[in-house]
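Residue numbering restarts at 1 for every chain, and letters A, B, ... go by the order of the sequence lines.
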Number of protein chains: 2
Amino acid sequence: MATPNISLTVDAIVFGYEPKEGLSVLLVKRKYPPFKGRWAIPGGFVKEKESLEQAVERELEEETGVKVNYLEQLYSFGNPKRDPRSRIVTIAYYGLVRSSNFELFAATDAEDAQWFHLHELPKLAFDHQKILDYALERLQNKVSYQPIGFKLLNEKFTMEEIHHLYEVIYNRKLDRRNFRKKFLKLDILEELEEKSGGGRGRPGSYYRFDEKKYLKLEKEGMSFEV
Amino acid sequence: MATPNISLTVDAIVFGYEPKEGLSVLLVKRKYPPFKGRWAIPGGFVKEKESLEQAVERELEEETGVKVNYLEQLYSFGNPKRDPRSRIVTIAYYGLVRSSNFELFAATDAEDAQWFHLHELPKLAFDHQKILDYALERLQNKVSYQPIGFKLLNEKFTMEEIHHLYEVIYNRKLDRRNFRKKFLKLDILEELEEKSGGGRGRPGSYYRFDEKKYLKLEKEGMSFEV
DNA sequence: TATATTTGTGTATAAATTACGCAATATGAA
DNA sequence: TTCATATTGCGTAATTTATACACAAATATA
């Protein structure tokens, strides 16, 4: 037998976050059958000379204009019947984008690519709902032992923002005071002079994730746990 | 552009365990270039109509005669230069086999497929060492929050056996008495009448993993943690 | 029968988690 | 200005979990 006729694609679940909106997911509307008109997660065929990550970033750029701030391989889906046309195996990734990059869709019509609230999703094409479920589960696990939550926030953020982010990701309440203590004890945040003015009560400090310090502590065997 | 010429393979790191030997890995000797004569992890091309898991099990059967007791997708490796011939993306799995299935190589010459002690490995072909490192890391993490360790043991096992298994996987000492208490408190082991005779000191009970009970407790929100 | 060896049980101490009280600092309305 | 309200920041008691280790029970062997 010659090499079997199997095609390889990459797909990406891209998560975005806004304090008021919660978690959102980036979707594209399909222009051609199968599933024409349905919403799907962005992705496409891998080119022969590009890496898998390059393929994901290229497809995201082409289809949505979004640049991710974090990208991680999720799982490969290879059920022979997952695409009604032919055998297509997809390597799924998930990505995170900053609030500030949230709005831009330079490359396409707003019609074709859109953010959806995580809990108000349309019916998706192919096995994309399954991939999304898998991605959310991974995100929930991963933020608990790797400091990737920051990738969904701006460079500067308040305790309230990151606390709320974790509540939204876990989908449950976390005691504000204990969360704060636990997070600060990790000793990977740099407290800034600036305070969050404008709000109702007492202003809180802005913080920045100190990646260098984190990497140093990680090497020394410290473990991030939230 | 037509569909790019990318081939898809599956590869599998297969772990075995024996109390005296510790962890072992199943390797095959390559018959053709590149890397002719080198040891490699078993694997091969995915057929058009088979699932990825079927492909892994078929290749394992063909190349080594081994049937795994547990199989889990690990990661997909797609660096464009990982194979010197052409673009080959591989979806790597890892598998676990019972001690009792450990010895059989029905399908091939003993020359072609062999178990190697984890810490006495030959130099491997392609990026297979990287895949192996990844698999070991995954195994170490996974046994701590999913009851898959049993898949490396016989149906019946003593406390000493599973304790030693965890020490070998983690590569560090664990207090025997605390390990026992923690494990029994999970309430997923069935204690059998039979005792382990023949040894030196006081005989210990045999246990069996009660999968039904585990699945029930898991549904109720219990979490396995060792 | 004595000794060595291994299993099984218990317990004291330390560390981490959880629940929650309250002062400090701001806004906005009376 | 003063008071009510909102939010941050700090602390502490109670509970749970983890760790270290003592010792009795059961067996093989010298």
Going by heavy atoms in the side chains, are Glu155(B) and Arg208(B) under 4.5 Å from each other?
-> yes
Distance, rounded to the nearest Å, where Met159(B) contributes CE and dT9(C) contributes P | 10 Å
Heavy-atom contacts under 4.0 Å between residues 165-177 of chain B and DNA chain D, which residues?
-> Asp175(B), Arg177(B)
Whole angstrom value for the distance that separates P of dT7(C) from CD1 of Ile162(B) | 14 Å
Starting from the 5' end of DNA chain D, give me the residue, Tyr207(A) or Arg200(A), whose nearest nucleotide shows up first.
-> Arg200(A)
Set of ring pair (Phe, Tyr, Trp, His ring centres under 6.0 Å) partners for Tyr70(A), sequence neighbours left out | none
Salt-bridge test for Glu225(B) and Lys182(B): reply yes if a basic N is under 4.0 Å from a carboxylate O, no otherwise.
-> no
DNA chain D contacts among residues 179-188 of chain A, heavy-atom distance under 4.0 Å | Arg180(A), Lys181(A)
Worked check of side chain to side chain contact (heavy atoms under 4.5 Å, CB included) between Asp11(A) and Tyr93(A) = CA-CA 6 Å; Asp11(A) 289 302; Tyr93(A) 281 74; over 6 Å; no
Just checking Gly198(A): base, sugar-phosphate only, or nothing, at a heavy-atom cut-off of under 4.0 Å?
-> nothing
Would you confirm whether the ring centroid of Phe157(B) sits within less than 6.0 angstrom of the ring centroid of Tyr206(B)?
-> no
If the plane angle is over 60° it's perpendicular, under 30° parallel, otherwise tilted; pick one for His128(A) and Phe126(A).
-> tilted
Counting heavy atoms from C-beta on, name the nucleotide in dT8(D), dA6(D), dA19(C) closest to the side chain of Arg202(A).
-> dT8(D)
Across the strands shown, which category fits Ser196(B) at heavy-atom distances under 4.0 angstrom: base, sugar-phosphate, nothing?
-> nothing
Within the structure shown, what part of the strands sits under 4.0 Å from Ser205(A) by heavy-atom distance: base, sugar-phosphate, or nothing?
-> sugar-phosphate
Note: Glu57(B)-Lys67(B) ion pair, threshold 4.0 Å (strictly below) = no
In plain terms, say whether Glu72(A) and Arg138(A) are close enough for a salt bridge, that is, a side-chain N and a carboxylate O under 4.0 Å apart.
-> yes
Interatomic distance where NE2 belongs to His164(A) and C1' belongs to dT8(D) [whole Å] | 17 Å
dT16(D) P sits how many Å from Glu225(B) CD, rounded?
-> 18 Å
Cationic N near anionic O, under 4.0 Å, Lys29(A) to Asp112(A) = no
Nearest-Å distance for atom pair CG/C1', residues Asn178(A) and dT8(D) | 15 Å
